[in-house]
2 protein chains.
Amino acid sequence: MSRQGFKHQLFEQFARIGKALSNANRLELLEFLAQGERSVESLAKATKLTVANTSQHLQQLRQAGLVTTRKQGLRVYYQLAGDEVIQLLGILRNVAEGHLAEVERLVSTYLTVKDKLEPIPAQELLERARNGMVTVLDVRPEEEYSAGHVPGAINVPLAQLEKQLDRFGDGKEIVAYCRGPHCILAFEAVAKLRSHGIKARRLENGYPEWKAMGLPTEQ
Amino acid sequence: MSRQGFKHQLFEQFARIGKALSNANRLELLEFLAQGERSVESLAKATKLTVANTSQHLQQLRQAGLVTTRKQGLRVYYQLAGDEVIQLLGILRNVAEGHLAEVERLVSTYLTVKDKLEPIPAQELLERARNGMVTVLDVRPEEEYSAGHVPGAINVPLAQLEKQLDRFGDGKEIVAYCRGPHCILAFEAVAKLRSHGIKARRLENGYPEWKAMGLPTEQ
DNA sequence: CAACTATTCAAGTGATTACTTGAATATTAA
DNA sequence: TTAATATTCAAGTAATCACTTGAATAGTTG
């Protein structure tokens with residue numbers, strides 16, 4: 001085959017990955033998978049898609065090499081094919097933030113308090129947590145927490161935060177995190193804690209980024 | 001709007017970028033643009049697409065925030081929106097290489113000598129070039145060379161290499177580069193030089209990656 | 001001004017996509 | 001074995017996509 005042929009075929013392969021990333025539902029599935037492996041049914045529930053539709057999207061992701069599967073009993077568990085996929089999603093986000101005006105508008109509309117919540121970088125949190133200076137709070141659903149979390153983090157899903165406020169009365173600063181830099185759960189948790197006079201900030205990114213940076217995790 | 005609404009709208013925006021990356025012709029356009037800014041007509045010629053078709057693809061890339069335009073006289077010049085876009089393309093390549101069997105097959109079919117051509121990392125080339133230990137050879141078309149190249153590199157497009165072999169008789173090692181890690185021009189140049197007994201290697205990546213790494217360039 | 005050129009726009013065609021619905025497959029439990 | 005369950009497959013529909021063709025637009029040049 002010709003030189004042109006090789007180049008074009010190569011681009012055609014790269015485009016398969018682009019295609020996989022070209023649908024909002026598939027991106028949402030990838031975000032859930034970035035938290036840890038999950039079954040089709042559980043993903044369907046999380047994304048509110050039908051099971052058949054979810055299955056089809058997942059198969060496309062698999063064909064694009066972004067996820068792998070493992071069958072156990074009746075269930076098929078999907079997981080990301082590697083940490084490069086998290087990097088890929090991160091830079092996709094990054095480019096979108098930098099060059100799509102609509103993203104800026106959305107973020108500033110929904111996350112107005114973004115700057116005020118003083119995000120703390122991952123490295124800094126790691127040191128402070130080691131010194132026992134902060135309480136790390138994971139506000140994702142329990143399912144995602146138990147698939148892996150920041151060492152020592154306690155899990156209080158956002159919905160239960162109000163009821164369990166008494167767990168944070170010791171004056172230590174709280175650092176909350178969730179699924180990623182745009183995940184609102186952490187924003188809302190920090191806002192809620194502060195409204196009760198508890199000192200709180202949020203982690204700059206989420207759990208997948210933490211893991212992809214090679215920082216220690218716990219299960 | 002609801003929490004769900006925000007998340008979904010955000011993913012819809014990210015998906016716009018995925019859509020832009022979902023077509024082989026658009027990816028090829030991006031690769032050309034990674035060499036430097038170019039007019040619609042010149043891109044149409046390079047990709048062998050019709051002008052109207054090229055224009056439409058470029059507009060899609062612009063709407064996805066990946067390229068920007070500048071009008072000068074009759075011509076509209078397109079260029080990448082930023083270095084993050086090169087990063088994005090790089091990691092797309094990376095994921096494809098790591099997880100798509102078809103890419104591996106293509107690369108090993110066409111670039112069989114890949115390992116034997118001993119790629120040299122960018123940092124190492126920079127040092128050796130500064131010490132005058134190597135001759136840097138840019139085998140891209142003159143148009144791309146003149147939009148920016150590695151400092152001190154000489155430009156001999158592949159087609160003219162045979163005729164100009166006498167320029168490389170001084171015993172210095174040659175390091176050839178072109179558009180990117182999979183660009184065959186540099187592979188073929190190294191193979192040709194070696195077949196004439198000239199010591200030659202290739203740069204690990206291409207010019208866009210060099211530039212994106214923040215290494216010095218020249219115009 | 002008119003003639004020329006690069007780019008964009010608009011309309012049409014066949015192919016592909018996302019989603020739904022209902023059936024098929026494979027595994028486990030009774 | 002049968003019944004139950006998670007997932008996948010297959011077929012159909014409306015929407016979107018890539019590309020072509022020919023016309024419209026906006027600059028430049030004589």
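Order of the sequence lines fixes the chain letters, A, B, ..., with proteins taken first and strands second; residue numbering starts at 1 for each chain.
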Checklist entry - Which of residues 12-21 of chain B sit near DNA chain D, with a heavy atom under 4.0 Å from it? => result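 Residues of residues 12-21 of chain B under 4.0 Å from DNA chain D: Lys19(B).
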May I have the distance from [X] (atom [atom1]) to [N] (atom [atom2]), rounded to whole angstrom?
X: Leu58(A); N: dA6(D); atom1: CG; atom2: C1'; value: 13 Å
X: Asn25(A); N: dT20(C); atom1: CG; atom2: P; value: 9 Å
X: Lys48(A); N: dT20(C); atom1: NZ; atom2: P; value: 14 Å
X: Gln60(A); N: dT16(C); atom1: CD; atom2: P; value: 13 Å
X: Tyr78(A); N: dT7(D); atom1: OH; atom2: P; value: 9 Å
X: Arg70(A); N: dA26(C); atom1: CZ; atom2: P; value: 20 Å

Checklist outcome for this item: Taking five pairs at each terminus, the helix from dC1(C)-dG30(D) to dA30(C)-dT1(D) shows an axis bend, to 10°, of 20°
Item to check | Residues in side-chain contact (heavy atoms from CB on, under 4.5 Å) contact with Ser55(A), at least two apart in sequence or another chain | outcome: Val40(A), Gln59(A)
Checklist entry - Got a sec, which residues hit side-chain contact (heavy atoms from CB on, under 4.5 Å) with Gln72(B), two or more places apart in sequence or on another chain? => result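 Residues passing side-chain contact (heavy atoms from CB on, under 4.5 Å) with Gln72(B): Arg70(B), Tyr77(B).
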Scan the side chains in residues 139-161 of chain A for donor-acceptor partners under 3.5 Å anywhere in the protein, sequence neighbours excluded, and list what turns up.
unit_1    : atom_1 : unit_2    : atom_2 : d
Arg140(A) : NE     : Asp138(A) : OD1    : 3.1
Arg140(A) : NE     : Asp138(A) : OD2    : 3.3
Arg140(A) : NH1    : Gln35(A)  : OE1    : 2.7
Arg140(A) : NH2    : Asp138(A) : OD2    : 2.8
Arg140(A) : NH2    : Gly148(A) : O      : 2.9
Glu143(A) : OE1    : Arg38(A)  : NH2    : 3.0
Glu143(A) : OE2    : Ser42(A)  : OG     : 3.2
Glu144(A) : OE1    : Arg179(A) : NE     : 2.9
Glu144(A) : OE2    : Arg38(A)  : NH1    : 3.1
Glu144(A) : OE2    : Arg179(A) : NE     : 3.4
Glu144(A) : OE2    : Arg179(A) : NH2    : 3.0
Tyr145(A) : OH     : His149(A) : NE2    : 3.4
Tyr145(A) : OH     : Ala153(A) : O      : 2.7
Ser146(A) : OG     : Glu142(A) : O      : 3.3
Ser146(A) : OG     : Glu143(A) : O      : 3.2
His149(A) : ND1    : Tyr145(A) : O      : 2.9
His149(A) : NE2    : Glu218(A) : OE2    : 3.1
Asn155(A) : ND2    : Asp138(A) : O      : 2.9
Asn155(A) : ND2    : Arg140(A) : O      : 3.0

Checklist entry - NA contact type, Ser22(A), heavy-atom cut-off 4.0 Å: base, sugar-phosphate, or nothing? => result nothing
Check the interface with nucleotides 20-28 of chain D: list each N/O to N/O pair with the protein under 3.5 Å, or write none.
unit_1  : atom_1 : unit_2   : atom_2 : d
dT20(D) : O4     : Gln56(B) : NE2    : 3.4

